Structure formats: C-alpha cells, structure tokens
Protein chains: 2
Amino acid sequence: MDKNNEIAGIEKSMIQNQNKTVVKSMELLNLFIDHERLSLNEMVELTKMPKTSIHRMLGSLEGMGFLQRGEDGKFSLGLLFLQFGQLVSERLDIRQIALPEMSALRDKVEEAVNLIVRDGKEAIYIEKLDTPHPVRLYTKIGRRSPLYAGACSRIILSFLEEKEREQYLREVELVPIGRGTITDRNELRKTVADAREKGYTISYSELENDTVAVAAPIFDHMGRLHAGISIAGPQERFTEERLPALIAQLTAAAERISRALGWRRAKRS
Amino acid sequence: MDKNNEIAGIEKSMIQNQNKTVVKSMELLNLFIDHERLSLNEMVELTKMPKTSIHRMLGSLEGMGFLQRGEDGKFSLGLLFLQFGQLVSERLDIRQIALPEMSALRDKVEEAVNLIVRDGKEAIYIEKLDTPHPVRLYTKIGRRSPLYAGACSRIILSFLEEKEREQYLREVELVPIGRGTITDRNELRKTVADAREKGYTISYSELENDTVAVAAPIFDHMGRLHAGISIAGPQERFTEERLPALIAQLTAAAERISRALGWRRAKRS
DNA sequence: CCTTTCTGTTCCGAATTTCGGAACAATCGT
DNA sequence: ACGATTGTTCCGAAATTCGGAACAGAAAGG
C-alpha cells in the first residue's frame, strides 16, 4: 500500500561511538515498520544475523516493552510506544499552536492540510487534517519522507540554512518515489531557489501519483525555519485557476502561525 | 498534574537473560516520562549511574532516534516515537472496531468514554473520547494504571483467567493513588467477585479524586477478555438515579463490540 | 505411530565491549 | 580572569556479548 518503506532507516555511517548491541536491536525494531508480526526465524532471514544474537536481543526488547510476543510466539510492537508516542505528540507545542489555523484552513479550502517538521534528512508529518468527506482516518502521522521529495519536504529544505542546504543538495541521492519525483540535481536546485524566492512550492505526483501539494514555511521567533504546512489533494481539484487562491490562503495561514510563534518580519536572505 | 508517575516502570526482577546495556538505556528513556528535557548531568543525578556510561548510552539512543538533542545540548524524546506510536495505534484493530460504538455511547451519555487493554500488570488506555463540551483534548492515550485501581482496570482484572487473577490478588501491593483507591486485599477480592457476577464495576475516586467511572468487559471470539470500556466523569453527574441507565447503555455497547469481535455467548465461570 | 522438519532455547569458551575513574576541554557566570 | 559547571576523551580491568553447535518441543508428513 505504501511505496516508501526503507525510508525510515537510519544512516549507519557517520556514527562512531555507539553501543553495537543497541544499534542491532534497532535494526530489529525497524523490521516492524514493514511487518506487523514477526517470528524469530523470520527475523533471522530478514537480517542475516545469527539466531542466538537475535534471540538474546528479543529477550531484552521484550523485557523493556518495545516488543511483545503473542500467544503464537510471534512478536509485535509493544504498547509502550503508545505511551511515548503520545508524550512526544503532546510536547510538540508547534502542533497546539498550528492546529486552529490548520483547521480553519481545511474548512476554507476543503482539502487535506498537513503539518511537517524536519528530522535529520527527512521530513516527518506531525499533524494531518483530512478533508471532511471520507471517514476521518487516523492517517500517517509519523510518516517520513526525504527532504527532496514532495512540496512539504522541499519547503523545509528550501529554507534551511544555506550551508546545510548546499551540503544536502550536493550529497543527496535522488531516488524516485512517485511519477513526478525530481531526480535531477539541477532541477531540484532550481525548484528550491524558486521556493525561497516565492515563499511557497508546488509538487505534482512527487510522493504519491496524481496528488498535488502546495507548501509554505513556518518560522519561529528567531526567524529560523520551524515547520512546514501544506495543502494536498487529487490533481483534478488543483486547477490552474484555483491555485492562486489556495496559495494565498496557505501562505496567510503560515504567516499567522509564524507570528503566533513570535516571528516578526520576513527575513531577506 | 499527574499523580502516577513511576507506574510505568518495568519489573526489574524475574528477567534473567537480558542485555544489560539495553535495559539501562531503557532506564534513561523512562526518565523522559516525567521530564520533558534533560541534560546529561541531570540524568547522572537522577539515575546515579556513572557519567561516562550515560554519555555512551545517550550516544546510542540519539543515533537510533529515540532521543534528540536540542541546540542547548539537552535531550528530549525523538520523533521516532511518533512513527512507532502511530504504527501501534493503527495495528490495534480493537480500536477500529470499538470506535463507532464508543462514539455513539459518548453522544448518548455525554460523558467521557475510554477503551483499555491489559499490558502485563497494568491497564493502558488505547482510546479516549472526551465529552464534547471542553475543547477536544488529546488526552492521555497511552496512560497506564495498575490493575487494582479504577473501574477500567478492575474490570480487566476481574475477568482474567482464574489462576492469573488469584496470583495477582495474592501478590499485588496495594498503593493508594486517589482518595478512594482500594487498599484492602479482602475488599478488593470482594469487589472483583462482584464485578464478575454483575458484569460491570464502579469506582469512586480511585484514580482521580471526585471522579466516578463505570466499566464493562469486552471479549474476543475465543471468549477471552480482550479489553475494557468505561464511562467516566465528575461525581456530581453520576447520581444514584442515573447510574442504572448508564450501566445499561455501557454493557449494551460492550456486548455489541464483543459480538463485532466474533464473541458468541456469555461464558459462565 | 514413528520420522522428519522446523522453530525456539540453552550451553560455553573465546573475544570483543562495556565499565568507570580520572584527566581534559569547553562554556558559562561573575 | 577566574572558578564552577557541563560535556568529552582515554585507557586498563572486568564483564558481557558472540555465535556455532547441540538440545528440546512442536508441527507436518508418511
């Protein structure tokens, strides 16, 4: 159902210090992003690690509550994640501040509205309001996408500090995800520059086919990028004539949220 | 704001095999239940572990995404928990099934409705619908309470398999949490027996003062206890005259959910 | 009913890791 | 400029993990 699986993987390189066991344990946990339930031997096959090691680690992970084992012996993610997930969610104050604006925006444009923050080289959805028509679906909060793909991600990339942005643009590997994913480094550069200038960006089928998204940046009181907000929906509803209005309302909402965070003036690069 | 902190702690005893490092790391993570942000030295003080060890573990935890460090050097829970929390939440099919019934019930009685499952010796809230009046508050999903306290918890305890139930009743240590928490083993036994007989249980100020809750069990297709559902609210609104109606509607909803899970008949103990 | 196969668990010596005190570096506050 | 506090690195001793192999238990198959 989802095309972006391995995306959540953690960069193995660049890290020195680390407790090897803990990292390997993480590898096990990550398996559960794509697999709901796994047996010991399934994990052995997937990871190629020795059975004994996995067996030992599973013991730990279960003891800590990260995993739990069903009566058939298979493992699944533990309820502990509910608790911590909730904690993290509560502590993201940006969400509380942005929610009213997002809600108003959703009602005005009748399209899905997303709130995104950066997490390393990825963007992560921290709130999502769906269009009211379909059943209110607890969609992919927590979903990740690389910074180069999708309007929401790109707006974050575009307003990163120059140094970081340049390094990313130089080093990133552009893997296609949707039909419209930008895979040419120069094109990406141009789009990013355009986004910085205009204060918004548009994506066509970059993450999901036939889906269009418009995104704008949110700044904090230091004038730094804090989050991104986007409107997304099916291509048919995002016509040429409608776009200008959508963009106006989106950027207005983004500015109001920024101001609520203590932001003052547009910062000239 | 909350009185039950350390409750989420994991039983250190009874576990042999375990990777010591991983478990210690868990101790660090658990600090973040009560503390939003912590510096290295604060953790040293709280845990009494040697600074070097903590430093090393923090490196690992950060690398894995469990923790992230702000620009001031302090650590906080990583956004990774959002992703896994969401995954767990999505995969709890009981929630999807129960939600419509819970929503209907909430609208009928206009009180908060909770859905609870068991996790070891604790109960954990997996869904919560608040009464519509106050702002819809993203309350304590993921919150835990011991099985002996509160209607929701007790209903789960009451319908556990006899052997397990007896062992729990024998061994549990009854620590008071709210003004009405049952701390007498015999009284608890009586209340539990009563709950089994009647199919519901009521609590007065057991977890939170001046709060009343009524709870009923939900069974799966094997006739085993699968979850608990409760109505909770301030004492003033739970009058003697109103209770019978509340109980009737609650148990009816619980039965409908049980049937949706494939449950057939009442099981005579 | 016995055999085969597949899964999960235990054992144990060799080897890698962690452990943690102490020294060092980097900030901060005064 | 100085002391105090916090974060980081070093290193030998000690404890843990590692993983092959053997074992146990259940399910599948004849």
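As the structure is a prediction and not an experimental result, all values here were calculated from the model. Lettering of chains follows the sequences in order, A, B, ..., and the numbering in each one begins at 1.
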Peer 1: For I54(A) and dT17(D), what is the distance between atoms CD1 and C1' respectively, to the nearest whole Å?
Peer 2: 14 Å
Peer 1: To the nearest 0.5 angstrom, please state how far the OH atom of Y148(A) sits from the CD atom of E122(A).
Peer 2: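 Here the rounded value is 10.0 Å.
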Peer 1: For DNA chain D, determine which residues of residues 35-42 of chain B have any heavy atom closer than 4.0 angstrom to one of its atoms, and list them numerically.
Peer 2: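 Contacting residues: S39(B), L40(B), N41(B).
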Peer 1: Quick one: does N30(A)'s side chain get under 4.5 Å of F84(B)'s, heavy atoms only?
Peer 2: yes
Peer 1: Just by modelled atom types, is the A254(A) backbone N or O under 3.5 Å from a matching donor or acceptor in the S258(A) side chain?
Peer 2: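 The answer is yes, because a donor-acceptor pair under 3.5 Å joins these two groups.
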Peer 1: Report the distance from atom OG of S76(A) to atom CZ of F32(A), rounding to the nearest 0.5 Å.
Peer 2: 7.0 Å
Peer 1: In whole Å, I'd like the distance from the CE atom of M57(B) to the C1' atom of dT8(D).
Peer 2: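 M57(B) atom CE is separated from dT8(D) atom C1' by 16 Å.
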Peer 1: Supply the atom-to-atom distance I54(B) CD1 to M43(B) CE, rounded to the nearest 0.5 angstrom.
Peer 2: 7.0 Å
Peer 1: Nearest 0.5 angstrom please: R224(A) CZ to F159(A) CZ, how far?
Peer 2: 16.0 Å
Peer 1: Once you round to the nearest 0.5 Å, how far does CD of Q86(A) lie from CZ of R91(A)?
Peer 2: 11.0 Å
Peer 1: With the sugar-phosphate defined as primed atoms, P, OP1 and OP2, and the base as all remaining atoms, what B/S/- string results for nucleotides 20-30 of chain C, 5' to 3', for protein heavy atoms under 4.0 Å?
Peer 2: BBB--------
Peer 1: Look at H55(B) and dT8(D) and indicate whether a side-chain polar atom (N or O) is within less than 4.0 Å of OP1 or OP2.
Peer 2: yes
Peer 1: Hey, could you give me the CD1/NE2 distance between I94(A) and H226(A), rounded to the nearest 0.5 Å?
Peer 2: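 Separation between the atoms: 5.0 Å.
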Peer 1: Nearest-Å distance, CG (L46(B)) to P (dT6(D))?
Peer 2: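 Answer to the nearest Å: 13 Å.
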